[in-house]
Each structure stands twice: as structure tokens, then as C-alpha cells.
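These numbers were taken from a predicted model, which means no experiment stands behind them. Heads up: numbering here begins at 1 and tracks the sequence.
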Amino acid sequence: MIKQQNVKLGFALAMLTAVMWGIVPVAMKYALVVVDPLTLAWSRLAISALGITIWLAYKKQFPSLMMFKKRRRFILLIIAGFGLLGNFALFASAVQYLSATTAQVVGQTGIVIFMVSSALIFKARLRPTQIIGILVLLIGLGLFFNKNIADLFSNMSSYGIGVWLGLLASVSWACYALAQKVLLRKLRAEQLLWLIYLICTVFLMPFTSPSRIANADATQLFAIIFCGLNTIIAYGALVMAMERWQAAQVSAITTLTPLFALVFSDLFALIWPEKFAMQYLNILGYIGAVSVVAGAMFATIGHYIWHPRKGWLINRNKGEE
């Protein structure tokens with residue numbers, strides 16, 4: 001049984017992760033005024049790699065590289081590294097064309113891709129609640145894009161390009177997550193991320209223009225640094241949350257990310273309208289955003305709430321929390 005104080009702390013840390021992930025595309029949107037997407041992605045990865053290096057040095061927990069003598073593990077590490085690299089680079093490119101909210105809504109498709117791919121690769125069956133959650137999420141996406149659905153398949157406007165880049169980022173993240181799932185059997189999460197961040201930083205370096213950062217003003221430089229620190233803070237909060245609370249519940253809280261992105265986008269637009277644009281959605285768009293979050297959440301923790309034979313489980317599980 002999980003102690004009540006640990007549950008509260010785990011909830012707070014999971015919420016911090018969702019908040020940080022919700023605000024980061026807003027900061028990225030502002031930083032992209034002065035730097036290109038690849039340079040921004042590289043700076044995020046480099047700052048994160050530096051932060052975890054300091055942490056592992058302090059804890060004296062650097063991983064042994066001898067384990068990667070086995071070809072299968074080395075291949076999985078490369079897949080995880082390039083998967084995360086692709087996710088960071090493609091997501092930054094998508095944010096250049098999309099609002100922060102839209103980018104995070106599209107990002108929720110990564111959950112669908114990961115669940116379906118896991119079922120196929122690891123020979124596992126999808127739970128009925130996962131299937132229901134995925135269907136709700138996909139319907140929510142249709143509602144969210146109700147005004148711009150034609151742009152995704154015909155004219156290929158900048159909006160459509162951004163959405164497809166976001167979908168590719170989700171596919172890339174799913175590749176990373178699948179490889180990570182296997183590697184975490186042998187490594188701690190921070191050790192694996194350290195290796196992955198180093199791979200990403202080194203391989204992305206030749207395609208970046210760090211000199212552009214020198215052209216940033218004080219607020220843009222703060223946004224660039226914040227994007228890097230955000231990754232460390234969000235990751236640290238996520239790991240600590242999972243140590244204190246069940247992983248499924250933590251994952252469910254992080255699905256709130258698009259709603260936080262919507263709140264922060266509109267908040268910054270109200271405070272600094274000359275620097276941030278308001279997100280305009282019709283009623284179907286708002287219903288779609290909520291449906292995407294609800295679908296992702298139900299796919300993650302629905303089996304704790306409902307069973308196709310036993311019905312609703314909330315009252316039964318209340319005494320176990």
C-alpha cells in the first residue's frame with residue numbers, strides 16, 4: 001500500500017511534469033524567432049546532457065558501457081537515441097508552424113502509436129479500455145481539427161506541414177519509447193537518458209547554428225535556456241513521481257499537457273499580445289481538445305476504473321488507495 005503522503009507528493013510531481021510540458025512549446029515558439037528548430041532541439045539536448053552528467057557525477061552512478069558489447073543492446077540504444085533525436089527535432093519544427101496547443105494535441109498520438117506498436121512487437125493484447133481510449137482520442141483529433149481538416153490532405157499549407165511534422169515526431173517518440181522499454185531492464189532511467197542525450201547532442205551538432213544564439217535578446221535567451229532546463233525539471237519530477245506513485249496514475253496526469261498548453265498560450269497572449277498569439281478554437285475544437293486528453297487518460301488508467309465484465313471499479317478500488 002502506498003503511503004498517503006507519498007501519493008500526494010507523487011500527484012504534485014506528476015502535475016509539475018504536465019505543467020512543464022505544457023509551457024515548453026510556448027517558450028519554444030518564442031525562441032524560434034531567433035534560432036532554427038535544429039539549433040533549439042540541440043540546445044535542449046545539450047543542456048539536459050550537461051545537467052544529468054552533473055547529477056550522475058554527484059551520485060557516482062555512471063553506467064558501464066560494457067553491457068553494449070551485446071549487439072542487440074547496442075542497436076536498441078541507437079534506435080532509442082535517434083528516436084528521441086528525431087522527436088526533439090521534428091517537434092521543434094512542428095512548433096514553428098503550429099500553436100503550442102495544437103503541437104501538444106498532435107503529440108498525444110504518440111500514446112496511440114506506442115500502445116499499438118507494443119501490442120504488435122511484444123505480442124500483448126490491447127485492453128478494451130485502451131481500445132476505447134484510443135477511439136475517443138482519434139475522434140477528439142477529428143473534432144479538434146474540424147476547421148482545418150482540408151489543410152491536412154490537400155493544399156499542404158504551413159498548418160498542414162506542421163501537423164504532419166508533429167505526427168512524425170510522435171512516430172519517432174514511439175520508436176524511442178519502445179527501445180527504452182527494453183533497455184530499462186538493465187539501466188536506471190537517468191543512466192539511459194544520459195547516454196541518449198549524449199548521442200543526440202553529438203549527432204545533431206553538425207546540423208546546428210549555435211552562433212545564432214548570440215543574436216538573441218535577453219528574453220529570447222531566457223526562453224532558449226528555459227527550454228533546456230525545462231527538460232531536466234520535467235524529467236526529474238517524472239522520475240520522482242513514479243518512485244512515489246503508481247506509473248499508470250502518473251502517466252494519466254501527464255496527459256493533461258495539452259490543456260496546460262492551451263491555458264499558458266492564452267495567458268501569455270493576454271499578458272504580451274505583441275509577442276504571443278491567442279489560440280482561437282470553436283466549440284468543437286475545445287470539445288476535441290478535452291476528448292483527446294480524456295481518451296489518452298482512459299487508455300492509460302481505464303482498467304483501474306472500468307472492466308467490461310465487472311463494470312465500474314472506482315468504489316471497489318477506493319479502499320486500496
- Message: Using side-chain heavy atoms (C-beta onward) and a distance below 4.5 Å, is Leu187 in contact with Leu195?
- Response: yes
- Item | For Val263, the rest of its hydrophobic cluster, which grows through side-chain links under 4.5 angstrom | none
- Query: Taking atom OH of Tyr58 and atom CH2 of Trp55, what is their separation to the nearest 0.5 Å?
  - Reply: 6.5 Å
- Task: Tell me, please, which residues at least two apart from Arg212 pass salt bridge (charged side-chain N to carboxylate O under 4.0 Å, His left out).
- Result: Asp36
- Item | Flag if over 12 foreign heavy atoms under 6.0 Å of CZ, Phe222 | no
- With rounding to the nearest 0.5 Å, note down the distance linking CD1 in Ile287 to CG in Leu281. 11.0 Å
- Is the shortest heavy-atom distance from the side chain of Val182 to the side chain of Arg73 under 4.5 Å? no
- Task: Spell out, as yes or no, whether a donor-acceptor pair under 3.5 Å connects the side chain of Thr17 to the backbone of Leu238.
- Result: yes
- How long is the span from the CG atom in Leu50 to the CG atom in Leu198, to the nearest 0.5 Å? 10.0 Å
- Message: Can you tell me which residue among Leu90, Asn87, Val163 is in a side-chain contact (heavy atoms from CB on, under 4.5 Å) with Leu168?
- Response: Leu90
- Task: Please identify each residue that fulfils side chain to side chain contact (heavy atoms under 4.5 Å, CB included) with Leu135, with sequence neighbours left out.
- Result: Ile131
- Pairs involving residues 263-277, ordered by first then second residue, that meet side chain to side chain donor-acceptor pair (under 3.5 Å) (sequence neighbours left out): Tyr30-Lys275
- Atom pair CD/CG of Gln191 and Leu184 - distance to nearest 0.5 Å: 10.0 Å
- Query: Within a strict 4.5 Å, meaning less than it, do heavy atoms of the Phe298 and Thr129 side chains meet?
  - Reply: yes
- Query: Taking the side chain as C-beta and beyond, is there a heavy-atom pair between Leu192 and Leu77 under 4.5 Å?
  - Reply: yes
- Task: Please examine the side chains of Thr231 and Ile47, heavy atoms only from C-beta on, and report whether any two atoms are closer than 4.5 Å.
- Result: no
- Query: Got Pro210 and Met205 here, is their nearest side-chain heavy-atom distance under 4.5 Å?
  - Reply: yes
- With a cutoff of under 4.5 Å between side-chain heavy atoms, which Ile, Leu, Val, Met, Phe, Trp and Tyr residues group with Ile75? Ile79
- Item | Residue Phe62 excluded, over 12 heavy atoms near CZ under 6.0 Å | yes
- Item | Option passing side-chain contact (heavy atoms from CB on, under 4.5 Å) with Phe68 (candidates Leu183, Ile78, Leu76) | Leu183
- Query: Is the Lys NZ or Arg CZ of Lys29 less than 6.0 Å from the centre of Phe268's six-membered ring, within 45° of the axis?
  - Reply: no
- Task: Taking the side chain as every heavy atom from C-beta outward, state whether Cys227 and Asn230 have any pair of such atoms under 4.5 Å apart.
- Result: no
- Has Tyr280 got more than 12 heavy atoms of other residues, nucleotides or ligands less than 6.0 Å from its OH? no
- Query: With clusters built from Ile, Leu, Val, Met, Phe, Trp and Tyr whose side-chain heavy atoms come within less than 4.5 Å, directly or transitively, what are the remaining members of the cluster of Val33, listed by chain and number?
  - Reply: none
- Query: Would you call Phe276 and Ile271 a side-chain contact if the rule is heavy atoms closer than 4.5 Å?
  - Reply: no
- Task: Ignoring hydrogens and angles, tell me if any N or O in the side chain of Thr39 forms a donor-acceptor pair with the backbone of Ser209 under 3.5 Å.
- Result: yes
